[in-house]
Amino acid sequence: MVAAMTDLDLNLLDALDALLSEGSVTGAARKLGLSASAMSRTLTRLRNATGDPLLVRAGRGLVPTPRAIELRDVVHALVRDVRTVLKPPTGEIDMAELDRVFTIRASEGFVEMFCGPLVAGIASAAPRVRLRFAPKPDKNAEPLRAGQIDLEIGVLGVSAPEMRTRLIFRDRFVGAARTGHPLLSGAITPERYAACRHVAASRRGAFTGPVDAALADLGLSRDTMVVVPGFSDALRIARQSDLIALVPGLGFRRKAPGAEGICTFPLPVPTPEIAVSAIWHPRMDADPAHRWLRETVIGICQKMVPDS
DNA sequence: CCTGCCAGAGCTCAAGCTGA
DNA sequence: TCAGCTTGAGCTCTGGCAGG
């Protein structure tokens, strides 16, 4: 009886190819690294599946039936095609020909600081690749899961434990005040720092953060007058007023845009370290183009921040 | 979703059959 | 007698399924 499609076993195709090309159970068995008895049983299954004897006894050996002769070239081509389909990718891609759009979700500050070298590095290696920097209103993992975001750069959240991550660099917050600000003349103590008025950067609009907790440990509190969504806005306000901003220290060691007219200083209270990581969905882990993208992004960022 | 159980597929070994 | 194919017995592995 001919096998139904649900009984399809692609190993039979490989065995049939070996049997038809060798014209012998022993030869096919040797070719596939099986015993002759195993190959003989496979030939029995093939006979049941095709409804044709395929190879019949002729003296001590076997000869092919007309149906077997008819199938020989077809089966050989099929096996070759199946091997091509099932062969794992080599991981080698032609970067000059790679035509793809990658969406990277990162904070405004990251884009300001790193996009220049990133664009230059990617354009020189893969001229047909296009980048889309997506805004980062929150840490929602759904766009990564849905494939809308290829790579996220930021501080790890806890909402999506399946995500793959790699640390890019570590940073700490520093204070920032306009040049000539009275706070900058003399030692910056927790008391003097807390006595100033402040501008905070918070996507969620929060007036308090880790600095307030550290000040509270000393019995101090500060007055945050303004909250803005991003660090650039906080810097702009600090440059034009007596408000003190809180920004990642790295950007100012690198002379980030917007740093003119601003002096930074170490905070007089301890604050937690900021660990900036690359985050991607496991689905993209083995994709050669995505692997190239994240290695390139991580490599360029780490090159710019060698001492992190 | 994980784990344990069970049935069936497929393998090897050994032995038998057939023909040169 | 030997080479090659087939078949019975027994083992291992895999996948489906039920239960926790």
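Throughout, a chain's letter reflects where its sequence line sits, starting with A, and its residues are numbered from 1.
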Self-check item: Distance, rounded to the nearest Å, where L34(A) contributes CG and dC5(C) contributes P
Solution: 14 Å
Quiz item: Would you say a side-chain N or O of R47(A) is under 4.0 Å from OP1 or OP2 of dC5(C)?
Solution: no
Quiz prompt | H290(A): side chain to side chain donor-acceptor pair (under 3.5 Å) partners, not counting sequence neighbours | solution = R294(A)
Quiz item: How about R130(A): does its CZ atom have over 12 heavy atoms from other parts shown lying under 6.0 Å from it?
Solution: no
Self-check item: Heavy-atom protein contacts under 4.0 Å, nucleotides 13-20 of chain B, coded B base, S sugar-phosphate only, - none
Solution: BB----BS
Practice problem: Round to a whole Å and report the spacing from CZ of R30(A) to P of dC11(B). | Solution: 17 Å
Quiz item: If only side-chain N and O atoms of T44(A) are considered, is one of them under 4.0 Å from the OP1 or OP2 phosphate oxygen of dT6(C)?
Solution: no
Quiz item: Can you list every side chain to side chain donor-acceptor pair (under 3.5 Å) pair that touches residues 22-34 of chain A, not counting sequence neighbours?
Solution: S21(A)-K31(A)
Quiz item: What is the distance from CD of E22(A) to P of dC5(C), rounded to the nearest Å?
Solution: 11 Å
Quiz item: In whole angstrom, what separates L19(A)'s CG from dG4(C)'s C1'?
Solution: 13 Å
Enumerate donor-acceptor pairs with a distance under 3.5 Å from any side-chain N or O in residues 268-276 of chain A to protein atoms, sequence neighbours excluded.
unit_1: E273(A); atom_1: OE1; unit_2: R170(A); atom_2: NH1; d: 3.2

Quiz item: Could you state the CE-P distance from M39(A) to dT7(C), rounded to the nearest angstrom?
Solution: 16 Å
Self-check item: ring pair (Phe, Tyr, Trp, His ring centres under 6.0 Å) involving F114(A) - partner list, sequence neighbours excluded
Solution: F110(A), F169(A)
Practice problem: Return the set of residues passing side chain to side chain donor-acceptor pair (under 3.5 Å) with R178(A) (not counting sequence neighbours), or none when no residue passes. | Solution: D242(A)
